[in-house]
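Here's the structure we're looking at; comments come further down.
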Amino acid sequence: MPHTENILPGGRYAVVSCHVERPLDDGVWERFAALQARRPGGFRIAALMRPPDGGEDEVAWLGRARAAAERGPLGLHTHWTSPDHARPTGGDPAARVREQAEWLRSRGLDVALFCGGGWYTDVAVAEALAELGYADCTATAFRPSYLAADAPRLGVGEPCYVELPSGRRLLELPTTHSLGMLARRILLPYGGSIVHAYFHDTDLVDSFRRTALLAALASLGARRRQTDLTELQRGIRPVKTMSFANSRG
């Protein structure tokens, strides 16, 4: 089990992140910004944002990213192929991560959190993240149902270090609960010392999913001590280390 006393006595806590995939859609963004400001369940929600692509308005994107960073942690959410296609269909995924990380840095954004679109990762991507000093949230405690059995991903249930071929270690802060999983456990206990719940910004457009999210986060916040991904990254010191090969899901 990870050593969590550095961050919270008792070591049973929760964090929440949003995959912000439509940051320039005014209606979607307004709902997300309002939710982030509201802090349901007491959570500072991390905005893991897809950078602008294909001629999208960089100035508007940067304004929204800076506003999100004032309300909670800010992270990079790479879509490998296009805004509407998360997993890679070619090219060099690790180079894309480095390019986007440099773009964020050059614009003065302090980012050290990452989640790969479509839960994709490979060893070169992991090496790039370790070089950049990022913590990774791409590993999941569950297998996404839409992925093929041989689809590249990481399966991890608790925070750990992933040992890479270069000798570097990547801090893994796995995502443990989707919105549906979280909602189904409103009246049930949560397993593990850490709950990392995530949702998509587009979930907020649907009134049923938005209501379910608010109820689930209220329940989670009442039963777990709240922190955020930045504090988790700074404070946790996992005792478990896995090789990259052994963490493949």
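We count residues from 1, following the sequence as given. These figures come from a predicted structure and were not determined experimentally.
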Please test Arg224 against Arg12 for side-chain contact (heavy atoms from CB on, under 4.5 Å), starting from the C-alpha separation and ending with a verdict. CA-CA 6 Å; Arg224 289 281 179 130; Arg12 299 186 68 80; 3.0 Å; yes
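- Put simply, the side chain of Trp80 reaches to within 4.5 Å of the side chain of Val97, judged on heavy atoms.
- Formation of a donor-acceptor pair under 3.5 Å by the Glu158 side chain with backbone atoms of Ser193 is found in this model.
- Residues Leu179 and Ala212 share a closest heavy-atom pair of CD1-C, 4.2 Å.
- Looking at heavy atoms from C-beta onward, Pro159 lies out of side-chain contact with His196 at the 4.5 angstrom threshold.
- Residue Arg107 qualifies as enclosed at atom CZ: its count of foreign heavy atoms under 6.0 Å is above 12.
- Among Arg50, His77, Met49, His79, the single residue meeting the side chain to side chain contact (heavy atoms under 4.5 Å, CB included) criterion with His19 is His77.
- With respect to the salt-bridge test (charged N to carboxylate O, under 4.0 angstrom), the residues Arg64 and Asp26 qualify.
- In this structure, the side chains of Leu171 and Tyr161 come closer than 4.5 Å at one or more pairs of heavy atoms.
- Between Tyr134 and Phe114, the ring planes are tilted. Angles from 30° to 60° get that label.
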Run the side-chain contact (heavy atoms from CB on, under 4.5 Å) test on Leu213 and Leu204 for me, step by step, so that the C-alpha distance in whole Å, both residues' side-chain angles and the decisive distance to 0.1 Å come before the verdict. CA-CA 8 Å; Leu213 176 65; Leu204 302 175; 3.7 Å; yes
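- No option in Thr140, Leu220, Leu182 other than Leu182 meets the side chain to side chain contact (heavy atoms under 4.5 Å, CB included) test with His177.
- Side chains of Arg223 and Tyr190: a donor-acceptor N/O pair is present below 3.5 angstrom, by distance only.
- Closest non-hydrogen pair, Gly118 versus Tyr146, comes out as CA-OH, 3.6 Å.
- Asp122 and Tyr120 form a side-chain donor-acceptor contact under 3.5 Å, judged by distance and modelled atom types alone.
- Using a 4.5 Å heavy-atom threshold, the side chains of Arg209 and Thr202 count as separate.
- Residues Glu127 and Pro165 are in side-chain contact: their nearest non-hydrogen atoms beyond the backbone lie under 4.5 Å apart.
- Formation of a donor-acceptor pair under 3.5 Å by the Asp201 side chain with backbone atoms of Glu21 is found in this model.
- Atom CZ of Arg66 is separated from atom CG of Leu109 by 5.5 Å, given to the nearest 0.5 angstrom.
- In this structure, the side chains of Pro51 and Leu76 come closer than 4.5 Å at one or more pairs of heavy atoms.
- When all heavy atoms are compared, the tightest approach of Thr176 to Gly157 is CG2-O, 4.0 Å.
- Between Arg44 and Glu231 there is no salt bridge, since no side-chain nitrogen of the basic residue lies less than 4.0 Å from a carboxylate oxygen of the acidic one.
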